[in-house]
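Heads up: the structure comes next, in structure tokens.
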Amino acid sequence: MKDICKSVVKKDHDPKIKGETRYLVDYNLTDKGERILCGKLLHSPYAKARVLSVTVPDLPEGYFYIDKTDIPGDNNVNIVLDDTPVFCRDTVEYIGEPIAMVAGPDEKEVDRILSEIKVEFEELAPELDIRNGTKNFFEYEFGHGDVEKAFREADKIYEEEYLTGYQDQTYLEPQGMMAEPEENGVMYVHGSLQCAYYVHGAVMRALGVDASKVHIFQDPTGGGFGGKEDFPSIIGCQVAVAAKKANAPVRCVFDRREDLEFTPKRHPSLCRYKVAVKDGRVTGADCEVIFNAGAYSTLSAVVLQRGIIAAIGVYDIENVHVTGKAVKTNTNPCGAYRGFGAPQTFFAMETMMSHIAQDLGEDSIEFKERHFVKQGDTTSTSGRYHFPVPLPRMLAQVDEMADLRRKHKEYMKAQTGRYRRGIGFSAVFHGAGFTGSGERDFIKATAKLRKYKDGTVEVLASNGDIGQGVRTTFPKIVAHELNLPLEKVYYNHPDTARVPDSGPTVASRSLMIVGELLRRAAIKLRTIWRDNEEQEVEEHYKEPDFMIPFYLDRFEGDAYPTYAWAVSAVEVELDTYTGLSKILGAYGSFDVGTPVDYNIVMGQMEGGFLQGLGYASIEKMNYDNKGRIRNNSFTDYLIPTAMDVPNLQVKLYVEEYPDGPYGAKGAGELPLVAPPAAYIEAVEQAMGGSKRHKLSFIPFSAEDVIHELNKEVL
Ligand code: MOS
């Protein structure tokens, strides 16, 4: 293991362990000692309705009612298409859509005012079903070869449909933002967020002011997992408009119910796959991918792109045609969640491959293995896998840990009795970094180092620590290059008044992209280092020369410079009386390149694996026939807890990426992506294999097991 891999104590460890870290809800006065007004939202009770009139009760002194008419700038939140309003327009488009905010000193009084606001609605018919989306926010199509020919010449054609449900990020700290008007007309907005510059752009637009008049800071953030990629921009605009009107600090923090009901989740998906097989080999795949975007388009464009790029999994298929649609329904807008569109399509493709293998009478591991892509192969978007694909060696690693191949064959045999076993396998990649030409054309990251006279060095970048450890790993890289003790290098939470835009904290990009800029900056600083002087160096992103440029209009080229890889196996014992499956073992081999801190990376791998298992098994969330999310508490929305951690064994496989710091690739999202299909294959095996029970949706709960087994009896 390289020196850089050795684990250190995380920079934020002590204050967090001691309970000293101050989150947004943890103080009653601003840093300047001012009183903070409590802001709360009036949420739409209808999935679709016209707002005819709003009657606000008399407001006591010091209380404010804020709606779209108070927005000095544009009532569109700067995201991708900018169709998301800050406060609703003439209609509401989903249950929970913010109509207005009430702000004032006393929370109970704010609640009372909210409850007395009378809104007259004309109810309209909502569309809730992904199959009947009212419009396509985004639509893409791409492919290579000739799928029609592949189907004409096929020995066999398989057609299946897969469904995946919502998944909520369930960070420990709910969404929350605060705005404080400062002197000279500057609005200071801060809170729990991933992307300080996204919020910056959004607040500028809502207030109609230039960049210098908005100042964003990331407070200590209790988890994000993607959920705080876009949503803080929306609440950020709302509190900024409220603070402007009240001319006082306004803070809005969601309670857990609001957070579960009204904030972005993983897109539910519907995938229709048609696959051609000739001489035992997959020769063609036609994949139709539909994501339920919800009422506004928010991040769906990019989520869908990542999803469809992964549509054919880790397989070398000659003829491919993929279409992707993000459809509008009158439901909560969906957004980013670790994996960002890929967990949905990988579940579909992995399960499809397993079903085909079983139909052909071949072990699915061997079938998949025969189709693995190799270095130099073409990607789904006619790019290239430029670097070694270590899947076979990673499979060997998992086989060794789990006794996978033997058990996989053994459990395929007919089983009787109450308890039956299965072991599932899956292999995935995660495209490292922002999708497509994003880094090159939109983000254009800049990172800086500032050395002070006392010899300490500050990292200046905009990537927030959301638990993934960048406050530690960024300084670690810089200290390593400068030969300084880690205490001499530090990285504060991003503050747009002080740091350049090194891009959003998303897409498993921070360490790989910005970490590399910092490594180069540190080398530069080392060469010009002068004692007792303040010095600053800066680095800019440059697309690696080897990349085949990606063009979104043709959906062609290298969607990512490189890929992180994962192989996982999940072994279950299924109780056929209760439907409960006990996970006997969960095994993962992950290639994220060089781990720039072994413990941090292992924490990521284990946590992500668990979220993947939750997604596949217990995390059920749905809306009722009016469009209201029913699972709005931890009683109704179950996530794996510490008690549910199975015998989880994780190994790292290191395939170094030359353009990442010390060979590091993106790591954060990968571990969630592989487990769902492995879990489903395991359950299916325990139930007798796909010839008896062809499973095609997640989450697949104990109830679903019983329902499926009952089919056998009836
Ligand atoms: Mo992330 S799921 O790309 O915020």
Side-chain angles (χ1 to χ4, degrees), residues 79-80 164 166-171 173 175 191-199 201-202 218 221-236 263-269 291 293-294 298-310 326 333-346 428-436 438-439 442-443 445 462-470 494 502-514 559-561 563-564 566 592 604 607-608 611-612 614-615 619 665-674 676:
I79 303 178
V80 175
T164 65
Y166 281 120
Q167 189 183 21
D168 191 90
Q169 299 86 355
T170 58
Y171 23 65
E173 183 200 20
Q175 302 272 359
S192 188
L193 57 90
Q194 290 179 214
C195 313
Y197 273 97
Y198 280 4
V199 181
Q218 184 215 9
T221 296
F225 305 111
K228 292 168 186 168
E229 175 170 346
D230 61 343
F231 203 72
S233 296
I234 304 174
I235 323 188
T263 71
K265 299 152 210 330
R266 188 183 306 291
H267 292 67
S269 74
F291 281 2
T298 62
L299 295 166
S300 293
V302 210
V303 175
L304 177 65
Q305 288 165 24
R306 194 179 269 278
I308 57 179
I309 288 161
C334 285
Y337 184 171
R338 200 173 194 174
F340 208 72
Q344 292 94 318
T345 48
F346 269 114
V428 305
F429 61 65
H430 196 72
F434 211 88
T435 297
E439 295 289 348
F442 305 111
I443 300 179
S462 62
N463 305 92
D465 201 312
I466 49 175
Q468 87 287 40
V470 289
S502 58
T505 313
V506 301
S508 308
R509 67 178 288 279
S510 301
L511 199 279
M512 181 180 90
I513 301 285
V514 184
Y560 307 98
Y563 299 81
V592 298
Q604 290 285 304
Q611 285 178 317
Y615 181 42
E619 296 192 34
K665 304 191 272 199
E669 294 166 283
L670 176 76
L672 193 151
V673 189

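Owing to the predicted nature of the structure, the values given are computational and were not obtained by experimental measurement. In listed order, ligands and their atoms are each counted from 1.
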Main-chain N/O of [Y] paired with [X] side-chain donor or acceptor, under 3.5 Å:
{"X": "R306", "Y": "G339", "result": "no"}
{"X": "R266", "Y": "R338", "result": "yes"}
{"X": "E669", "Y": "S508", "result": "yes"}

Inset, instruction - Using heavy atoms and a cut-off under 4.0 Å, could you grab the residues that are in contact with ligand 1, chain by chain, numbers ascending? - result: Q194, G226, E229, A336, Y337, R338, F340, V506, A507, E669
Inset, instruction - Report the relative orientation of the aromatic rings in F225 and Y337; use parallel for angles under 30°, tilted for 30 to 60°, perpendicular for over 60°. - result: tilted
In a table with atom names and distances, give each donor-acceptor pair under 3.5 Å that connects a side chain of residues 191-198 to protein atoms at least two apart or in another chain.
from	atom 1	to	atom 2	distance (Å)
S192	OG	E173	OE1	2.5
S192	OG	K228	NZ	3.0
Q194	OE1	G226	N	2.9
Q194	OE1	K228	N	3.2
Q194	NE2	T505	O	2.9
Y197	OH	T496	O	3.3
Y197	OH	V499	O	2.5

Legend entry - Rounded distance (nearest 0.5 Å) linking atom CG of D230 with atom OG1 of T298: 5.0 Å
